[in-house]
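Reading through the structure tokens given below for one structure.
In what follows, chains are A, B, ... by sequence order, proteins preceding strands, each numbered from 1.
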Amino acid sequence: MSSRSVSAREYENSDQFPGHSASPPVPNSSETEGLIFYHMDLYGSNERFDIFPEEPSGQGSRFLRNTRRESALSSEKCQNSQEAGYDLEKEVAELAKMYGLDEDREKELELLGGHLETVGSKWLPAHTQKSGLQDSAYNGSKSSSPVKDQSQSTKHQELPDEVSQDEDQSKARAEDEADSHIWSREGLSSSGVSDERSSQAVSEEEETADVFCCTCKIPIRAFDKLFGEHKDHEVAQLSSAVESEKEEIHKNMCKLEEQIAQVENFASHLEEIFITVEENFGRQEQNFEVHYNDAVQVLAQKYEEQLEALGEEKRQKLEALYEQLVSCGEHLDTCKELMDTTHKLYQENDKVAFMKEAVTMVDRLEKFLKKEVNLKLSTHPDFEERAIDFSEVEKLMNSINTIPAPCAPVINPQAPNAATGTSLRVCWGLFSDDTVECYQLCYKPVSNERHSDEQAENMLKVKETYCTISNLLPNTQYEFWVSALNASGISPPSERAVYVTAPSPPIIKSKKTRSCENAALVCWESRDVNPVDSYTVELSKLTDKENGDAITESIVGIPNCEALIHLQPAQSYHISVKALNLGGSSERSEPVLIHTTGTYFCLNEDTAHPLLAILDDGFTIACDELENPECDLPVYDNSFTRCIGILGSLIPFPGKHYWEVEAEEDTEYRVGVAFENTPRHGYLGANNSSWCMRHIITPSRHKYEFLHSGMTPDIRITVPPTKIGILLDYESYRLSFYNADIAQHLYTFNSHFQHYVHPCFALETPGTLKDLLIRPVWHPSCNYRNRIS
Amino acid sequence: MCRVTNHQTRLPRATSSLALNAFRDGGYIRLLSSCNFSMSQVLECFIFRFNLLLFPLTVKTMALKQVSSNKCFEGFQKVFEHDSTELKCKMKFGIYLPPKAETGKCPVLYWLSGLTCTEQNFITKAGFQQAAAEHGLIVVAPDTSPRGCNIEGEDESWDFGTGAGFYVDATEEPWKTNYRMYSYVRDELPKLINANFPTDPERMSVFGHSMGGHGALILALKNPGKYKSVSAFSPICNPMQCQWGKKALGGYLGSDVSKWEAYDATQLVKSYPDSHLDILIDQGKEDQFLSAGQLLPDNFIAACTERKIPVVFRLQQGYDHSYFFIATFINDHIKHHAKFLNA
């Protein structure tokens with residue numbers, strides 16, 4: 001019993017294959033997979049059914065099949081009358097909905113393949129239910145006969161065209177079609193459309209199954225599980241069985257879709273291959289045509305040439321022979337004539353006449369006989385050996401397989417970072433498939449001058465499509481062009497490409513470097529003649545660690561030769577500069593060390609009074625002689641004329657600045673700040689563009705003045721400072737003076753500085769004067785900021 | 001120009017002017033602003049906690065009797081009364097508690113007033129509270145002498161006795177029992193203050209006016225290291241040489257001039273052991289007592305110059321001896337002390 005039911009199931013499975021758009025619900029999917037590709041062909045005939053031996057014949061066996069199925073499902077039918085508690089209707093509706101999605105596709109398949117018999121049996125659960133239904137209809141033993149009649153009439157109405165086909169086949173097909181029709185109606189009825197037949201079908205279905213027999217793969221009623229043939233079988237809740245089946249269906253559907261996509265891809269690929277084959281053929285054909293035509297032409301030409309030469313030789317030979325023949329004839333004539341004359345003479349009777357005649361005659365004979373008769377052949381009958389020369393043809397034939405001379409390579413424009421100061425990496429390429437043995441790279445520096453041709457071209461042979469050329473000049477443009485070579489010859493040169501080498505590293509003007517707690521002003525100069533595009537400044541903060549030299553920041557795109565760099569206070573930095581052009585960046589310049597402790601500035605020598613000397617350290621000013629401060633020494637436009645002073649160059653940064661000045665206790669000086677344009681003919685502090693502390697020695701004491709616009713407060717200081725700290729704070733509008741040795745605050749100007757000010761220094765002139773040391777230094781104490789602010 | 005961290009190019013090469021602006025406007029503001037943090041937050045915190053901490057303070061000062069309390073620049077100006085063991089009488093003092101005192105310990109700056117003054121003059125006239133609040137200094141202003149001791153002749157003159165304690169420990173009868181202002185200011189008062197207010201006992205400074213300037217100078221000079229800094233308005237610099245000084249020192253210490261030297265700033269400078277004292281002195285040029293020879297700053301400056309004691313002496317054009325003069329320069333003095341007290 002069970003074996004028969006299995007065979008029935010197999011048949012159903014086989015029915016499902018053609019409808020590959022719907023997933024086979026059968027767990028036995030290996031069979032399915034094996035057949036899936038060939039559905040159309042296989043279904044072209046009914047031979048396929050022979051695969052299943054238990055099925056005696058596919059043709060006209062519909063009834064037989066149905067009867068077999070009937071026996072398999074007879075118990076089911078019995079159960080149908082008993083209504084089980086399972087609500088199948090919903091699930092059936094779901095299934096219908098799910099498969100309804102595929103109906104359009106099925107129809108397409110039907111039209112294509114014309115194998116309609118496959119459609120109705122695509123869904124296993126549906127089919128089994130339906131077959132049960134149909135069986136009952138065929139048997140007519142139960143109350144379901146009206147259903148059968150109806151379905152059959154429907155089938156005939158809907159498929160009139162098919163009647164003409166083979167009867168058995170059409171019958172089977174029509175039944176299946178009817179099944180599917182009923183099935184779809186069932187789906188509809190479950191969603192609310194009522195019609196007698198379908199509702200009956202549904203009710204019957206409801207009775208049909210409540211559990212699923214896993215062994216027989218059919219829905220059964222619970223009753224059967226308990227008492228029927230499925231007693232020992234494994235059963236599952238029908239809904240869960242449906243779920244798992246659905247899942248399986250879905251999985252297989254996905255697989256099918258994948259395979260469709262694969263095959264479609266493959267097909268389109270095949271099409272492409274078709275085209276390619278066609279193209280390749282054309283190419284080859286043309287190739288052959290060209291080459292063989294050439295060969296034929298060459299051969300014909302050769303033949304013509306050879307033939308012509310041969311004809312010419314023949315003509316010459318014949319002419320020579322003829323000439324010889326003519327001259328032979330002439331000779332013969334002369335002989336004959338002589339013979340005749342002699343003979344006549346012989347017969348002369350007159351002795352006188354004879355003698356007369358004989359003398360002349362003997363002379364003539366002698367003369368004639370002296371002439372040698374040339375009997376040598378002037379020409380040979382043989383022709384010259386003419387080798388038939390195939391060399392050219394051979395060459396031509398060979399050239400069909402050998403390579404042509406390459407096309408001109410294409411030189412690439414300069415790539416970023418392809419250049420250093422002295423080297424360039426040039427790249428080029430070949431667009432054609434030409435075989436190239438090597439390349440010939442030429443270059444020369446680009447020059448604006450007319451006689452640039454004089455400059456030597458350099459040539460290199462390179463195997464690769466790139467080359468690094470060294471020993472070049474920095475920041476210089478070079479012209480490159482390249483040709484390709486192989487055995488057949490050399491290509492025309494490529495376009496000329498201009499490459500440029502990277503610049504030389506700039507040189508930081510360390511003497512002009514200025515800094516304060518929060519910024520540094522770095523100036524540098526380029527070492528190259530040609531201008532560069534921009535500069536990059538790189539900072540590395542020095543830490544306590546050994547390897548504190550990592551670049552921590554860089555500032556790019558600086559167009560000119562100076563940069564104001566914001567820094568953190570109380571740190572040390574190495575600052576270096578790189579120059580950049582199209583070719584790349586130069587090496588780093590020698591770094592300059594910046595401490596952001598205190599303010600570091602340089603003295604502006606242009607402003608120095610002629611009597612004032614700046615010592616070698618750059619920070620000390622001195623005045624040795626003071627006879628006549630307003631002497632006739634050469635004076636620069638910008639220098640102080642009366643006051644023996646000098647300005648410093650402070651970094652233009654609107655923050656706090658602190659510097660210190662060292663002076664001997666008995667040196668008289670003025671130190672402070674002044675606008676850059678402070679009058680050069682006046683004294684520092686005497687005008688409103690300068691603020692300064694003045695130290696003079698009176699007979700009784702050291703006197704300290706804090707001068708601005710010539711005014712000073714009356715302040716007595718008990719400890720003469722030898723190190724004066726000056727704190728300039730643009731933000732709080734203050735200029736404070738300190739005795740830096742003891743951190744003693746001396747005086748504070750409150751002034752809103754409209755412009756940047758610069759440190760100023762001057763030496764006073766009472767009698768002799770020792771050197772005044774002015775040295776911007778950094779306070780060693782870390783917390784001096786607290787103490788002086 | 002633009003700027004990068006970790007050596008990554010911040011921008012591809014930019015046009016100069018635009019990039020330069022970006023550099024100025026953007027790049028560094030972040031750097032700088034990261035430093036200027038939380039000042040306002042800290043202040044808010046102070047204000048919030050102010051009321052919570054006030055009660056424990058008043059409860060704690062059982063030995064003290066609060067006479068008055070006025071909110072002033074977010075802090076409080078108060079007056080307390082207490083029984084002085086040193087002076088054997090009730091003494092009042094003014095104390096300004098800055099807002100910072102609500103959350104932490106503050107340094108104390110002692111103000112010594114001049115002749116005839118009480119604790120009231122300074123706290124009502126000098127206008128020091130704003131600067132003290134800003135710098136977080138507790139400012140204590142004691143009275144200038146014992147009061148109500150019923151000593152014969154204590155109220156006879158304005159420059160001796162009541163209101164003229166001269167910040168000495170008297171050795172002569174009848175003054176020696178009560179008139180111990182030096183010890184009171186040096187020992188008892190700081191002890192009391194430190195016990196009752198959120199102070200940092202290690203950080204204290206002293207300043208004063210006229211006779212109080214003299215008191216401040218001698219306290220600083222006689223106790224090297226005890227006071228972080230000292231300053232004075234128009235101090236009596238050399239009492240041994242002036243009329244006020246001679247009267248007071250003679251009255252309290254007796255006729256032995258050598259004993260006076262212990263309370264004379266100009267004399268004390270000569271034996272001051274080191275130079276770690278930053279003295280700021282402001283003197284009105286139109287001070288009638290300067291011209292009367294009561295103050296004698298030149299003697300003090302000369303001594304300091306000789307001993308290399310750092311003094312900045314500012315002779316202020318047009319100012320007299322009054323509290324108007326003090327109010328003008330009080331901020332400089334508070335700042336001067338704050339520099340050392342908050343270092």
Practice task
Kindly check if the number of other-residue, nucleotide or ligand heavy atoms within 6.0 Å of CD (E590(A)) is above 12?
Solution key: no
Handout entry: Residue K105(B) excluded, over 12 heavy atoms near NZ under 6.0 Å
Key = no
Fill in the blank from the handout: d(T718(A) OG1, K308(B) NZ) to nearest 0.5 Å is 9.0 Å
Handout entry: E202(B), CD atom: more than 12 neighbouring heavy atoms under 6.0 Å
Key = no
Problem - Distance in Å, R716(A) CZ paired with Q283(B) CD, rounded so as to fall on 0.5 Å steps - result: 11.0 Å
Problem - Side chain to side chain, V312(B) and Q744(A), heavy atoms closer than 4.5 Å - result: yes
Practice task
Hey, could you give me the OG1/NZ distance between T748(A) and K335(B), rounded to the nearest 0.5 Å?
Solution key: 6.0 Å
Handout entry: Atom CD of E306(B) with >12 non-hydrogen neighbours under 6.0 angstrom
Key = no
Exercise for the section: Can you establish whether the number of heavy atoms outside E587(A) located under 6.0 Å from its atom CD is more than 12? Expected result: no
Practice task
Would you indicate whether the side-chain heavy atoms of R701(A) and T305(B) approach each other to under 4.5 Å?
Solution key: no
Practice task
Supply the atom-to-atom distance L277(B) CG to I742(A) CD1, rounded to the nearest 0.5 angstrom.
Solution key: 10.0 Å
